[in-house]
Amino acid sequence: MKKIDLHLHTISTPSDSYFEFSIDALSKYVASAKLDCIAITNHNTFDKTQYLKICEHLGILVLPGIEVDLEGGHILVICDPSEIDEFTKKCELVNQDIPDAKTHIDFNRFVEIFGDLSNYILIPHIDKSPAINKQTLDKFGDFLDCGEVRSVKKFLYAMKQGAKLPPVLFSDLRAKDGLKQFPTRQTYVDLGELSFQSLKLTIRNRDKLFLSELEGNSFFSILDGRVQISTGLNVILGQRSSGKSHTLDSILEGALDEEVKYIKQFELLEKSESEDESKFEEKLRNGRRSYIEDYLKEFKSVVEEVEHIDLDYSDKLIGNYLESLKTFAFNKNRHDSYSSTSMFNEEKFKPTSTDSLTSLIKATQVLLDNVAYKEIVDKNIDRNNLVNLLSELVNEYRLLYKVNKEKIFVNGIVKDIQAQLNVQSATTPISEVDLYQSAIDRQKVRKFSKISDSLRQPADETIEYVQGFQVVARKGQYSGAGELRAVNRNVGSFTDAYKSYFNPYQFLQTLKENDSVDSSDYYRFFSRIKYEVLNNNGYKVSGGERSEFRLLQSIKDAYKYDILLIDEPESSFDNIFLLNKVNKLIKDLSKQMPVVVVTHNSTVGASIEPDYLLYTKKEVKNGEVEYDIYSGYPNDKHLKNPNGEIHPNHTIQLNCLEAGIEPYKDRGKSYEILKN
């Protein structure tokens, strides 16, 4: 079994934050991680002189490589050391083509530079930012060897789901001066003799890639590689101030660019009742913005259509039209030869709207392009008919577009003629007004008001269930200017605006007059949506229940992250809640990602049935505080530290979870007395 890290940086480029390379830092990392092979893969550049010095200094297999910006993603290109001279020339071309962090090359240029792709180890980012898109990956065919992922969770997911490319986990380390925290993202490869060719063949086989040397993919390294923990559920035990929280903090520091969810001790406890309830509601609202967006998305389009309607201006145009019509009729007997012509008051053509036709074309295109439901579409609608429909709709659009262009052209001629007739005539022409459009606008405003009124009606909807709790969206009207201000804190006061709240069109005009309110947010001011959390009896949660819900929600939301750390959940909650609700969530989550829980409570520590145990112990050596970590399976007789020293597991669990053997026995006797 060989341990490799094929993604290391030794040169600061435009794609990096500036750093000074340190050969000592690189040496310490290689020694600490006990690596058998590394690759130097700087962004879009390769320094042969530096590479040779690194090879001479380290004494392990060091492969020459480069990380290339390719079509918006990154790919590692690693070469056989025997081909280093030719590889150096190719990397110079890459450097010329990609002078900064905003530039990339396309696939054709990539092949043009590197030639026969079978000569390299090619490792694209597949579940790590910036990932190469599927279209680009497909262009490589079978030339790709494996895919780099971001975290242990992503590695396990790719393995379980049978991803097309075998996953590998590398550090992406910047070997810089003063580096103290070393990453623990490396991959074990099951092979004997280590060479470029043997490595290339092996990393293409997912059955030969592992997170740990002895335990396969059930374990991975933390704390500079000194300790291994389970990829499932880990529980950390220890006396007070023995280093449990310190261990969690160290795991967090070592995670580097991984996404870590860290639920700290006491952070979910109540402060003051009123302050906490207010913050609780604010977090509920902020965490569910997508619900508001989804609920009001149709109304948002209505607001966007109505906000451009100006009824006052429309009334003015109609008034001018009626006055000019009366004047024109009153002066009929005094019309001259210019005003008597039919062209003098000729109406202009109105172009036909293409909106409906455009929607049909887009809908047909969606049916033709849809991949997920292609079988269902093809089963019910002949594809040739869809193609013919799209063709006819496009031809109709082109015809309509042509007619509209002709109307606009003719309107221009009519306008020019009328302008000359007006100059020659003493008669005032009839004012122009689109009565049809004016009527449509008024109908839109009426419907807008009706919809706004319906949105103000009280309505409740349960939108989420969390272990017996319900999250309810309460919809209705804003009860005052203060609630309106909660939508936009940048506005000083909504007192004047709220006066017209129940006249939707007028209220919209008031919002438009406020420069502090963005037009994209207008729709949010018409219907108030508040969130409440109800307990399993249907009542609004109390202060303690709010804390319970926050913990459950935090754990549930952790699925978005790479690893979950929880520090003593029992500090805030009772054992029944921990046993019946928290433990199940944690256990389920640990099947998808690594979870580490610090506890001194038997309900969590024992009843949760962890996959692995860690025991922390504080010692003072030479005046310095050191934290020692013993680890092992829950049923092991002894737990071991990295030096091979052992500690009885039975004693650890009794002391940490039950306060010792004597109190444990005494409690048992007390329970028996009560029982009898």
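What you see is a predicted model; the values in this text were computed from it and never measured. As a basis for the values below, the full set of heavy atoms in this structure was taken, side chains included, without hydrogen atoms, waters or symmetry mates.
Taking the ring centre of Y436 as origin, the terminal cationic atom of K350 falls outside the region bounded by 6.0 Å and 45° from the ring axis.
Contacts of F110 classified as ring pair (Phe, Tyr, Trp, His ring centres under 6.0 Å), with partners at least two apart in sequence or in another chain: F114, F140. Not a single salt bridge (Lys or Arg N to Asp or Glu O under 4.0 Å) links D106 to another residue, sequence neighbours left out.
Between F526 and F448, the gap from one ring centroid to the other is short of 6.0 Å. A distance of 6.0 Å or more separates the ring centres of Y501 and F494.
Within a 6.0 Å sphere centred on OH of Y295, other residues, nucleotides and ligands contribute more than 12 heavy atoms. Annotation for E347: atom CD does not count as buried by contact number, only 12 or fewer foreign heavy atoms lying within 6.0 Å.
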| query | Hey, mind stepping through K512 and Y522 against side chain to side chain contact (heavy atoms under 4.5 Å, CB included) and telling me if it holds? | reply | CA-CA 8 Å; K512 288 168 61 177; Y522 288 160; 3.7 Å; yes

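Residues D312 and K316 are not paired through a salt bridge, judged by the lack of any N-O separation under 4.0 Å between the basic side chain and the carboxylate. A salt bridge links E464 with K556: the distance from a Lys NZ or Arg NE/NH1/NH2 to an Asp or Glu carboxylate oxygen falls below 4.0 Å.
When each of H104, H9, H7 is paired with H43, the ring pair (Phe, Tyr, Trp, His ring centres under 6.0 Å) condition holds for H9 and for no other. In summary, of the residues considered (R150, R185, K153), a salt bridge (charged side-chain N to carboxylate O under 4.0 Å, His left out) with D562 occurs for R150 alone.
From S590, atom OG reaches atom CG of L233 across 4.5 Å, with rounding to the nearest 0.5 Å.
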